[in-house]
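Read through the structure below, which is laid out as structure tokens, and then see the notes.
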Amino acid sequence: MDLTYSDTHRALQAEIREFARTYGHLSPRSGGGRKRPDQKTLDWQRRLLERGYAARTIPREYGGYGGASDVLEAAIIADEFSRAGLSPGIMNQGISMLVPTLLEVGTEEQRRRWIAPTIRGEVIWCQGYSEPGAGSDLASAQTRAVVDDGHFVINGQKIWTSSAHYADMMFLLCRTDPDRPKHAGLSYLLVPMTTPGIDVRPLTTMTGRAEFNEVFFTDVRVPVDQIVMGRGDGWHVANITLKHERSMLGDPNRLMQRVHRIRDLMTRTRIDGVRVADMPELRDRLLRLQGEVMASRCHYLRLLTERARGEDPGVKQLIVKYFGTTLGHRLSALAVDVLGAAGLVYEPRGEAAEDDEATTWHIDYMYDIGLMIGGGTSQIQKNIIAERGLGLPREPKASARG
Ligand SMILES: Cc1cc2nc3c(=O)[nH]c(=O)nc-3n(C[C@H](O)[C@H](O)[C@H](O)COP(=O)(O)OP(=O)(O)OC[C@H]3O[C@@H](n4cnc5c(N)ncnc54)[C@H](O)[C@@H]3O)c2cc1C
């Protein structure tokens, strides 16, 4: 990994600093992101796309900037946005998970139809994987799709579907071939959420708000060309999406923004007349966490470098999700401790409550526990890293215990 800046890289750095000075006041607040993007967020996203600060490597024909994959450019953009406290753009399941999946295995028609409106934040996607009997053991999914008159007809139930209550589209894992072995009987479909027969029922979490949902399918008809790859390829496609989900969930650049926000909070906050930044115990916690975020970032850059060389980083990617989501929760716990008594005023009000700093940190603190579960639990990540990465003995299966 060569981290020396060339003249081109220094020019990019200067360009972003100028952008931050000119347009920084238009940035939406970082964090939150649990609702449909508002107009301010969409406008900001458009600006980032025009300059290639978002979707930099996505080809122009799909609405991206068409830049080459350059690790240092990616690092400079993330650094400068973090330093200036600017939103790095919309992060959601469509942009971070579906778009790279379509780039990898979608048809030309699917890429042209879906990528541009998704990266602009206009089409919101949700992920229809988990079912009441299929979470960690995702390949057990039972939602059925049978072919009838040029359509898949879907029946079944999904659960824990984030954003389904405001999403336009779902990428759905369902069973099309029940007679084949379980991993080989799945398919991956793109389903408009307005299709008749879809019933979305919000589930309230401990944040006091509905962030995910149950989704019921009754004779939902989707044209057969809305499949990604072929019948029976669903497990393969689902895993491509999961690979990107796991990188998104522990993104160290977002964690570094949190470190900066907490540093700012600690500098402004006083407890019993003492500036929190001067309290050794809390200051030590921040510095320790900052060190761990920096280590996580180096790991992330290493993965970017491998990808830019065309290598597959494999199981090493899972460390981002496992370590990053744990760090995220420890960071929001620190912020809640710093807020002290002020933090106790949290109450689950409407989406607008996220404009309140204490409320945002409390929601993050509770929501972050979910991030250690969603996209594959920490225990499952550790099992995979141990077995496939480190070559440790495989976990005994319940069925093999006799
Ligand atoms: C905030 C949040 C958002 C989510 N969003 C979505 C979404 O948008 N779309 C979607 O499809 N799903 C979503 N999920 C669901 C998520 O993917 C599942 O919750 C997760 O995969 C775990 O499945 P489960 O809940 O069925 O738990 P289970 O699989 O029943 O696991 C229960 C416990 O047992 C442990 N466990 C299970 N198997 C093993 C094993 N082999 N070894 C060791 N421990 C094991 C788990 O780690 C966990 O602690 C979301 C979940 C959360 C919390």
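Sequence positions, counted from 1, serve as the residue numbers for this chain. Both counts, for ligands and for their atoms, begin at 1 and track the order of listing.
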Check each of [options] against [atom] and report the one with the nearest heavy atom.
| atom | options | result |
| --- | --- | --- |
| atom 49 (O) of ligand 1 | M170, Q379, Q381 | Q379 |
| atom 2 (C) of ligand 1 | F212, W125, Y129 | F212 |
| atom 46 (C) of ligand 1 | T161, T377, N383 | T377 |
| atom 10 (C) of ligand 1 | S130, G135, C126 | S130 |
| atom 3 (C) of ligand 1 | S162, G375, P132, S140 | S162 |
| atom 6 (C) of ligand 1 | F171, W160, Y367 | W160 |
| atom 45 (C) of ligand 1 | I384, I380, D137 | I380 |

Say whether E131, considering both its backbone and side-chain N or O atoms, lies within less than 3.5 Å of an N or O atom on ligand 1. no
Is there a nitrogen or oxygen of E395 sitting under 3.5 Å from a nitrogen or oxygen of ligand 1? yes
Compute whether any side-chain donor of one residue and acceptor of the other, for [X] and [Y], lie under 3.5 angstrom apart.
| X | Y | answer |
| --- | --- | --- |
| E214 | Q157 | yes |
| S6 | H9 | yes |
| S82 | Q257 | no |
| T101 | T241 | yes |

Determine, for F152 and R221, whether the Lys NZ or Arg CZ falls below 6.0 Å from the six-membered ring centre while staying within 45 degrees of the axis. no
Mark yes or no: R51 above the aromatic ring of Y65, with NZ or CZ under 6.0 Å from the six-membered ring centre and no more than 45 degrees from the axis. no
How far is [atom] from its nearest protein heavy atom, and which residue and atom name does that atom have?
| atom | value |
| --- | --- |
| atom 51 (C) of ligand 1 | G374 CA, 3.7 Å |
| atom 36 (N) of ligand 1 | S136 OG, 4.3 Å |
| atom 9 (N) of ligand 1 | Q127 O, 2.8 Å |
| atom 53 (C) of ligand 1 | G370 O, 3.3 Å |

Does atom 31 (O) of ligand 1 have any protein heavy atom closer than 4.0 Å?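 Yes; the ligand atom in question has protein heavy-atom contact below 4.0 Å.
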Would a 4.0 Å cut-off, counted as strictly less than, catch a protein heavy atom around atom 16 (C) of ligand 1? yes
Partners passing side-chain contact (heavy atoms from CB on, under 4.5 Å) against A335 (at least two apart in sequence or in another chain):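 Testing A335 for side-chain contact (heavy atoms from CB on, under 4.5 Å), a comparison that skips the adjacent residues, returns I262, L265, W361.
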Report the residues that fulfil side-chain contact (heavy atoms from CB on, under 4.5 Å) with I385, sequence neighbours left out, ordered by chain and then residue number. V315, L318, I319
Region of E211 that comes within reach of ligand 1 [heavy atoms, distance under 4.0 Å]: neither
Using a strict cut-off of less than 4.0 Å between a Lys/Arg side-chain nitrogen and an Asp/Glu carboxylate oxygen, indicate whether K321 and D251 qualify as a salt bridge.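 Judged by the 4.0 Å cut-off on N to carboxylate O distance, K321 and D251 do not form a salt bridge.
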Taking only heavy atoms of I373, which atoms of ligand 1 are found under 4.0 Å from at least one of them?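 So the answer, numbered in order with elements, is 19 (O), 20 (C), 53 (C).
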State whether the number of non-hydrogen atoms from other residues, nucleotides or ligands found under 6.0 Å of F212 atom CZ is greater than 12.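 Counting neighbours around CZ of F212, more than 12 heavy atoms of other residues, nucleotides or ligands fall under 6.0 Å, so yes.
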For the CZ atom on R394, are there more than 12 heavy atoms of other groups (residues, nucleotides or ligands in this structure) within a distance under 6.0 Å? no
